[in-house]
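Read through the structure below, which is laid out as structure tokens, and then see the notes.
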Amino acid sequence: MADDQHEEVSKKVSAEEEIRRGITIMRRVVQGRSRGIILDVYWNNQGQLIEPNGHTLTSFIGALVRNEIPITCDDWRNKELNESKEKIWSEIKRCFNIEEERRGFCMKLAGKLLRGFQTFLSSKFLKDADGNFVDAELPKKYESLISAEEWEAFKSKRQDPVFQRISATNRERASSPAYPYRKGRVGYGCLEQSMLQKEESSETSLPAHVLWKEARVGKFGVPQEEVLHVYQKCEELSQSLSPDDTKGILSRALDVPEYSGRVRGKGFGVTPTSLSIKKGKAPSNRELHARLEAMQAELDALRREREASASTVYRDASDKDSINCTFQPNIPEGISHCQLYLSSPYYRMVGKGKVHNVSGVLLHTRELPAGVFEGIS
């Protein structure tokens, strides 16, 4: 009897706390609009929403979604939602200074927030501690947003065997991640922004594996050994792979496949298109063999050219190799700027310098003949 009374009191307290907190309606934004205050929003160079006002816009979109989109919506791409989506976008533009080109991002974010709200309702009110279904009544907190008919339809869909099977699969997959994200509600975009500000860096973005590691640093400031191992592997791969490699360094280090339309370690809003990454299929064995033959032919041609150049030896009286010239290139007179490039593992510049083709220049107390490199720094 005492236990029943205690349980009843606990339920009343929980209900009162729930009602007291209220629903997020972003009154501050709406009241500011009535006073002519339009909030500016900002984006990083990868198209992600950042601060200031990034979280404010996200919360405002979530409030609009809860008001305009029924919780029974199964397909965000349903054309029947176009009118509601148009209203959401119109309200966003009334309160925020935002370009038309950002509509796609905002609509994708709205769809994500809708799915999050549906998951929250299901986990909070329709499941017990063991994950079993509970036939709960419509929470009083949401009576202004959800009708009784919608709630019953929502519960019915959550009990559907097909939905429960998919839900169980996704829940198992997400239950024990090997490298859990440890930054709470802070997304990759804002995390990158805070890192760049802290370092006072002039860079506009960070490598994906650097962000990935930082996102897995907990409150004690020390990442797990497994995370450091992946990060070190990424550092090694970054020295040997071309920046245009079709598979990301982080995916290679984790040994996992890339999914279409996403960039691992960058977070919501970043796509291969926004990073100008050209995806392509892996070359076949025949294509690889043809590339190797072409590279071998190019090496043979370079070798023959070097041997031909070496036949005309240009050498002064010095016994030091550092100031002897074994070829006579066509270099203009005077001082010319030059650059040194390497072609392996990918074509890149590794040094800059000057060519001194003038008389009277000394090296090791000896006068340099015309056409000899003084050096490359």
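Keep in mind the model is a prediction, meaning the values are calculated, not measured. As a basis for the values below, the full set of heavy atoms in this structure was taken, side chains included, without hydrogen atoms, waters or symmetry mates. Residue indices begin at 1 and follow the sequence shown.
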Checklist entry - At what distance, to the nearest 0.5 angstrom, does OG of Ser147 lie from OH of Tyr142? => result 15.5 Å
Item to check | Over all atoms of both residues, closest heavy-atom pair of Thr72 and Ala153 | outcome: CG2-CB, 3.8 Å
Item to check | Gap between atom CG of Leu121 and atom CG of Leu145 - 0.5 Å precision | outcome: 9.5 Å
Item to check | Check: Ser167 side chain, Phe163 main-chain N or O, donor-acceptor pair, under 3.5 Å | outcome: no
Next on the checklist: I'd like to know if the side chain of Gln118 reaches the main chain of Ile71, judged simply by a donor and an acceptor atom lying under 3.5 Å from each other, with no hydrogens or angles considered.
Outcome noted: yes
Next on the checklist: Between Lys155 (side chain only) and Asp135 (backbone N and O only), is there a donor and an acceptor less than 3.5 Å apart?
Outcome noted: no
Checklist entry - Is there a donor-acceptor contact under 3.5 Å from the side chain of Ser59 to the main chain of Thr56? => result no
Item to check | Over all atoms of both residues, closest heavy-atom pair of Cys73 and Leu81 | outcome: SG-CD1, 3.4 Å
Checklist entry - Only one of Met107, Glu83, Lys93 forms a side-chain contact (heavy atoms from CB on, under 4.5 Å) with Ile88, so which one is it? => result Met107
Quiz: residues 197-212 side-chain donor-acceptor pairs under 3.5 angstrom, not counting sequence neighbours:
from: Ser201; atom 1: OG; to: Glu203; atom 2: N; distance (Å): 3.0
from: Thr204; atom 1: OG1; to: Asn45; atom 2: ND2; distance (Å): 3.0
from: His209; atom 1: NE2; to: Glu235; atom 2: OE2; distance (Å): 2.7

Checklist entry - Does the side chain of Glu225 pick up a donor-acceptor pair with the side chain of His229 at under 3.5 Å? => result no
Item to check | Contact check, side chains of Lys352 and Cys338, non-hydrogen atoms, under 4.5 Å | outcome: no
Checklist entry - Taking Trp76 for the side chain and Arg115 for the main chain, is one N or O donor matched with an acceptor at less than 3.5 Å? => result no
Item to check | Which atom of Cys190 lies closest to which atom of Leu49, heavy atoms considered | outcome: SG-O, 4.1 Å
Item to check | Partner set under ring-ring contact (aromatic ring centres under 6.0 Å, His included) for Phe133, not counting sequence neighbours | outcome: none
Checklist entry - Would you say the ring centroid of Tyr188 lies under 6.0 angstrom from that of Tyr181? => result yes
Item to check | Ile69 to Ser84 - nearest heavy-atom pair and separation | outcome: CD1-CB, 3.6 Å
Item to check | N/O donor-acceptor pair under 3.5 Å between Asn78 side chain and Glu80 backbone | outcome: yes
Item to check | Val134 side chain near Leu126 side chain, heavy-atom distance below 4.5 Å | outcome: no
Checklist entry - Please walk me through it: do Arg33 and Glu91 pass salt bridge (charged side-chain N to carboxylate O under 4.0 Å, His left out)? => result CA-CA 10 Å; Arg33 180 187 66 193; Glu91 287 297 315; 3.0 Å; yes
Checklist entry - Counting only N and O atoms by type, is there a donor-acceptor contact under 3.5 Å from the side chain of Ser122 to the main-chain atoms of Thr119? => result no
Next on the checklist: Would you compute the distance between atom CD1 of Ile61 and atom OG1 of Thr58 and round it to the nearest 0.5 angstrom?
Outcome noted: 6.0 Å
Next on the checklist: Are Ile37 and Val41 connected into the same hydrophobic cluster when the rule is that any two of I, L, V, M, F, W, Y join if their side-chain heavy atoms are below 4.5 Å apart?
Outcome noted: yes
Next on the checklist: Set out, in order, the CA-CA distance, both residues' side-chain angles and the distance that settles salt bridge (charged side-chain N to carboxylate O under 4.0 Å, His left out) for Lys157 and Asp160, then state yes or no.
Outcome noted: CA-CA 5 Å; Lys157 288 187 176 183; Asp160 181 76; over 6 Å; no
Item to check | Exam field: side chain Glu51 to backbone His55, donor-acceptor pair closer than 3.5 Å | outcome: yes
Next on the checklist: If you count every heavy atom of other residues, nucleotides or ligands that lies below 6.0 Å from Glu293 atom CD, does the total exceed 12?
Outcome noted: yes
Next on the checklist: Hydrophobic cluster membership, with links at side-chain heavy-atom distances under 4.5 Å among I/L/V/M/F/W/Y: are Leu57 and Val30 in one?
Outcome noted: yes
Item to check | Heavy-atom donor-acceptor pair, Gln48 side chain to Phe268 backbone, under 3.5 Å | outcome: yes
Item to check | Between Phe125 and Phe154, ring centroids under 6.0 Å | outcome: no
Next on the checklist: If I take atom CG from residue Leu250 and atom CG from residue Leu254, how far apart are they, to the nearest 0.5 angstrom?
Outcome noted: 4.5 Å
Checklist entry - Just by distance, do the side chain of Asn132 and the backbone of Asp128 share a donor-acceptor pair under 3.5 Å? => result no
Show me the donor-acceptor pairs, under 3.5 Å and distance only, between side chains in residues 95-105 and residues at least two apart or in other chains.
from: Asn97; atom 1: ND2; to: Asp40; atom 2: OD1; distance (Å): 3.0
from: Glu100; atom 1: OE1; to: Trp89; atom 2: NE1; distance (Å): 3.4
from: Glu100; atom 1: OE2; to: Trp89; atom 2: NE1; distance (Å): 3.3
from: Arg103; atom 1: NH1; to: Glu86; atom 2: OE1; distance (Å): 3.1
from: Arg103; atom 1: NH2; to: Glu86; atom 2: OE1; distance (Å): 3.1

Item to check | Charged N-O contact under 4.0 Å between Glu143 and Lys140 | outcome: no
Checklist entry - Do we get Arg66 above Phe117's six-membered ring, with its NZ or CZ under 6.0 Å from the centre and within 45° of the axis? => result yes
Checklist entry - Are Ser251 and Arg264 close enough that some pair of their side-chain heavy atoms sits under 4.5 Å apart? => result yes
Item to check | Approximate separation, where rounding is to 0.5 Å, of Glu149 CD and Leu138 CG | outcome: 10.0 Å
Item to check | Residue pair Ile50 / Trp43, side-chain heavy-atom distance below 4.5 Å | outcome: no
Checklist entry - Would Glu192 and Lys266 pass as an ion pair if we require N to O under 4.0 Å? => result yes
Checklist outcome for this item: Distance col, row Arg171:CZ vs Arg173:CZ, nearest 0.5 angstrom, shows 12.5 Å
Next on the checklist: If hydrophobic clusters are built from ILVMFWY residues whose side chains come within less than 4.5 Å, do Val227 and Val217 share one?
Outcome noted: no
Checklist outcome for this item: Between Ser194 and Leu191 the two heavy atoms that sit nearest each other are OG-O, 2.8 Å
Item to check | More than 12 heavy atoms from other groups under 6.0 Å of NZ on Lys87 | outcome: no
Item to check | Arg28, CZ: over 12 other non-hydrogen atoms inside 6.0 angstrom | outcome: no
Checklist entry - Quick one: do Val222 and Leu228 end up in the same hydrophobic cluster if we chain Ile, Leu, Val, Met, Phe, Trp and Tyr together by side-chain heavy atoms under 4.5 Å apart? => result no
